[in-house]
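Each remark here refers to the structure printed beneath this line.
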Amino acid sequence: MEWLIEIRKNKDLTQKEVAILANISQAHYATIETGVKKPSVKTAKKIAEVLEFEWTRFFETPAQPAASA
């Protein structure tokens with residue numbers, strides 16, 4: 001999830017720091033950030049609170065490119 005990595009880096013935080021603040025393991029956070037796993041709603045809310053974005057972003061479908069005619 002490039003957008004999540006970008007938000008974290010813009011806040012000048014490491015994966016470990018976000019994990020500690022969200023009260024999850026660094027390994028768990030890494031699987032979310034790399035897109036291996038989706039967070040639960042509870043975890044999404046914690047991470048979003050730490051990084052200051054809307055938690056529902058985790059569950060939005062990325063925009064699909066327009067088909068060429």
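What you see is a predicted model, and the numbers here were worked out from it, not measured in a lab.
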Nearest 0.5 angstrom please: Lys42 NZ to Asn23 CG, how far? 8.5 Å
Applying a strict under-4.5 Å side-chain criterion to I, L, V, M, F, W and Y, I'd like to know whether Phe59 and Val36 cluster together. no
Could you name each residue pair satisfying side-chain hydrogen bond (donor to acceptor under 3.5 Å, both in side chains) that touches residues 26-37, not counting sequence neighbours? Arg8-Glu33, Gln15-Gln26, Gln15-Glu33, Tyr29-Glu33
Using atom types as modelled, flag every donor-acceptor pair under 3.5 Å from a side chain in residues 43-54 to any protein atom, sequence neighbours excluded.
residue : atom : partner : partner atom : Å
Thr43   : OG1  : Ser40   : OG           : 3.1
Glu52   : OE1  : Lys11   : NZ           : 2.5

Is it true that Met1 and Trp55 fall in one hydrophobic cluster, defined by side-chain heavy atoms closer than 4.5 Å? yes
NZ/Lys38 to CZ/Phe58 distance, rounded to the nearest 0.5 angstrom? 9.0 Å
Cluster overlap Ile20 with Ile5, hydrophobic side-chain contacts below 4.5 Å: no
Pair Glu6-Asn10, side chain to side chain contact (heavy atoms under 4.5 Å, CB included): steps then yes or no: CA-CA 6 Å; Glu6 185 177 329; Asn10 285 340; 3.7 Å; yes
